[in-house]
Number of protein chains: 2
Amino acid sequence: MEEKKIRNMDELATVIGISRPTLSKYFNDPTKVRSATRERIEAALDQYDYRPNMFAMNQNRRSTRNIGIVVPTIADPFFSEVVRHVEMRCTAAGYWPIVIPSHGATEQELAALDTLRTLKLAGAVIAPLGETSDVERLRQFADETPTVLFDSYLDVGQTFVGNDNFNSIGLMVDYLCRTGQPPCFLDMPAVNLNASERRDAYTASMERLGHEPYVVPISRSNWNFEELGYEEGVRLISNREFPSGTVLCANDRMAIGLLAAAYSKGLRVGRGSGCAMRIAGHDDHPLARFTCPPLTTVAQDYTAIAERSVESLFALIDGNSGAAVPAIQKLEARLIIRDSA
Amino acid sequence: MEEKKIRNMDELATVIGISRPTLSKYFNDPTKVRSATRERIEAALDQYDYRPNMFAMNQNRRSTRNIGIVVPTIADPFFSEVVRHVEMRCTAAGYWPIVIPSHGATEQELAALDTLRTLKLAGAVIAPLGETSDVERLRQFADETPTVLFDSYLDVGQTFVGNDNFNSIGLMVDYLCRTGQPPCFLDMPAVNLNASERRDAYTASMERLGHEPYVVPISRSNWNFEELGYEEGVRLISNREFPSGTVLCANDRMAIGLLAAAYSKGLRVGRGSGCAMRIAGHDDHPLARFTCPPLTTVAQDYTAIAERSVESLFALIDGNSGAAVPAIQKLEARLIIRDSA
DNA sequence: GGAAAAAATTACCGCGCGTAAAATACTATC
DNA sequence: GATAGTATTTTACGCGCGGTAATTTTTTCC
């Protein structure tokens with residue numbers, strides 16, 4: 001193991017006995033050099049552990065291999081899971097994922113876009129805040145960078161990947177009506193378009209089945225869904241204000257809060273006899289399997305959302321790859337029947 | 001609002017009527033230029049919305065304002081919370097946080113270090129894998145970059161910030177013994193040094209109180225703690241193998257699994273009469289408040305860990321700032337008594 | 001063995017900025 | 001208001017790589 005320090009491409013090229021442009025080509029696409037050359041390079045490469053300087057590399061490129069990822073928060077398991085998958089796929093494809101959370105704030109989302117602009121991105125995967133997003137600025141951003149939006153729909157970017165709320169809520173409402181009392185709907189804060197879409201889907205499904213919809217509104221608006229679910233649940237149960245013994249929650253985190261509220265009030269939750277309430281959620285939160293009772297829910301396929309987003313983005317980046325990317329990609333969800341409803 | 005596009009520092013400097021290096025100094029530290037100059041620059045700055053090119057900026061610097069953050073996973077709420085806080089603090093201080101998950105794999109951790117090395121970091125905050133970390137390579141890395149380790153102790157880097165497991169476990173064992181049957185200990189997989197430290201702390205605490213310790217071992221080793229807790233719980237309850245009706249779990253995620261197991265087996269958990277089991281956790285997982293029953297646990301202060309890590313790192317970066325950074329910083333935890341034990 | 005195609009080389013410029021040393025502008029002092 | 005001393009700005013140079021075009025070398029194929 002020679003310990004001669006390699007400072008740049010030139011030195012490495014000299015040591016190998018080839019020219020720098022050839023080495024440069026290798027780093028940009030190993031198949032662009034003859035296999036014999038490639039082997040010599042790779043042999044030298046694990047002898048000297050040289051790595052091209054990221055900054056110098058990207059400075060002179062029209063587009064880099066950086067991919068920006070913007071999400072409202074990484075503390076929510078949905079986003080952390082999707083981000084995790086997106087990152088892994090990007091890395092595997094030789095891209096460089098850069099995650100910037102917008103922390104639920106409009107200015108931070110805009111700051112993230114500004115930051116990403118200086119990075120000459122190959123593309124971006126963005127879960128916009130939704131209601132509070134600056135649509136105009138987002139569109140401006142998407143105009144100059146291949147952009148995939150996910151989770152919360154906005155008419156921005158080349159494509160959107162998200163859950164088909166009408167399908168998933170429909171599945172759940174059907175199931176709940178078929179097996180017991182028609183559900184009321186515990187709304188979530190209007191933090192994004194999923195909120196209203198799910199509410200609308202609930203109403204539509206109920207009406208389709210000939211039942212009176214009943215939406216329990218949420219007054220406050222923040223991302224502490226469990227707490228909202230819990231507090232609202234305690235209040236409603238105490239005042240006997242739940243219009244139905246079956247409650248469909250707009251998402252699992254609300255449902256987890258509601259489960260805790262029911263427990264604290266001594267209400268038995270489930271579909272067995274002797275149960276006072278049925279509670280269902282939406283998303284298949286990683287812990288939904290482990291609530292007491294296990295939560296009946298609709299599974300958004302986290303992995304699929306991540307993969308479709310990334311694949312769409314890669315297609316957009318390649319550009320020429322005939323396969324046009326559809327403007328809207330809604331993924332079907334899967335009903336997960338557990339014990340809570 | 002003039003719409004002349006500014007492409008680089010040169011153009012902006014010309015427009016302002018100063019030299020480019022002066023402008024450069026301003027961006028690196030606004031106090032380094034005369035206030036009159038600063039005002040002219042800032043006036044121009046909000047007229048032209050120019051942003052320096054990140055790559056060109058960093059290429060020629062000895063050290064950048066990049067801060068690397070390496071964690072085993074962002075899917076675990078402990079890490080996602082700490083990362084969130086660290087990111088926010090870094091951004092607020094004008095640094096550029098870059099998160100790279102090691103996904104629980106040694107090679108990925110090493111790859112992360114390699115990647116970070118090319119970034120000429122100002123510093124790094126690392127939660128090492130622990131048992132499976134390549135200590136030698138980590139140390140090598142820490143030798144050339146100011147590095148703070150957190151969560152899982154290794155004798156690497158300039159300082160370590162973590163929970164004082166002997167304190168926290170001691171608190172919990174004391175409490176449990178004081179209020180009922182002495183606990184057995186449901187071990188966690190040996191993914192890092194916290195695992196063995198907590199086990200040792202449990203044993204020591206029990207012996208101190210004159211009780212026989214009993215550790216329930218976990219055979220498999222992965223990060224799906226809830227699942228492990230659940231499956232092990234079901235098995236142990238079915239076979240009546242729990243040596244005590246009080247179970248202290250090595251972390252909350254195991255406890256959440258065990259709660260689900262108890263529920264599925266019809267065992268009532270809590271400290272009231274008529275309860276068959278007491279279950280306690282460790283960490284104060286964000287959902288621990290919302291389990292059924294709410295989980296008695298010891299709160300690691302996520303925010304404090306993040307802040308101490310970042311502050312220590314900043315102190316290391318400043319270097320000269322007299323205040324020496326202690327090699328090991330163990331934070332005290334807080335007993336959180338809820339209903340499960 | 002020779003022509004065509006593929007790969008590698010040479011030679012050059014540009015990117016947008018950092019940095020050390022030199023030059024200039026300020027400030028304090030008397 | 002002249003001078004020394006310091007704070008600020010400018011000059012001059014380099015960083016490590018990408019990109020292109022023209023040329024040379026190597027490989028492939030008939």
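Heavy-atom basis, side chains included; hydrogens, waters and symmetry copies ignored. Every chain is numbered from 1 and lettered A, B, ... according to where its sequence line falls, protein lines coming before strand lines.
For A:Arg38 and C:dA6, the CZ to C1' distance is 14 Å, given to the nearest whole Å. Going from atom CG of A:Asp29 over to atom P of D:dG19 covers 12 Å, rounded to whole Å. The distance between atom CD of A:Glu39 and atom P of C:dA8, rounded to the nearest whole Å, is 12 Å. In this structure, B:Ile16 places its CD1 atom 11 Å from P of D:dT10, rounding to the nearest Å. A:Phe27 places its CZ atom 9 Å from the P atom of D:dG18, with the value rounded to the nearest Å. As a whole-Å value, the separation of B:Tyr26 OH from C:dG18 C1' is 18 Å. Taking atom NZ on A:Lys32 and atom C1' on D:dG19, their separation rounds to 14 Å, with Å as the unit.
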Which parts of nucleotides 9-17 of chain C does protein reach within less than 4.0 Å, heavy atoms only, written one letter per nucleotide 5' to 3' as B for base, S for sugar-phosphate only and - for none?
SB---BBBB
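For the pair A:Thr37 and C:dA8, the criterion of a side-chain N or O lying under 4.0 Å from OP1 or OP2 is met.
Relative orientation of the B:Phe314 and B:Tyr95 rings is parallel, given thresholds of 30° and 60° on the angle between their planes. Between A:Phe78 and A:Tyr302, the angle of the ring planes goes over 60°, which puts this pair in the perpendicular group of the 30/60° scheme.
Summarising the geometry, atom CD belonging to A:Gln329 is positioned 13.5 Å from atom CG belonging to A:Asn163; distances are rounded to the nearest 0.5 Å. Note that the CG atom of A:Leu12 and the CG atom of A:Leu23 stand 5.0 Å from one another [nearest 0.5 Å].
Side-chain contact check for A:Thr147 versus A:Ile126: some heavy-atom pair is nearer than 4.5 Å.
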Set out, in order, the CA-CA distance, both residues' side-chain angles and the distance that settles side chain to side chain contact (heavy atoms under 4.5 Å, CB included) for B:Phe55 and A:Met57, then state yes or no.
CA-CA 8 Å; B:Phe55 303 111; A:Met57 259 182 71; over 6 Å; no
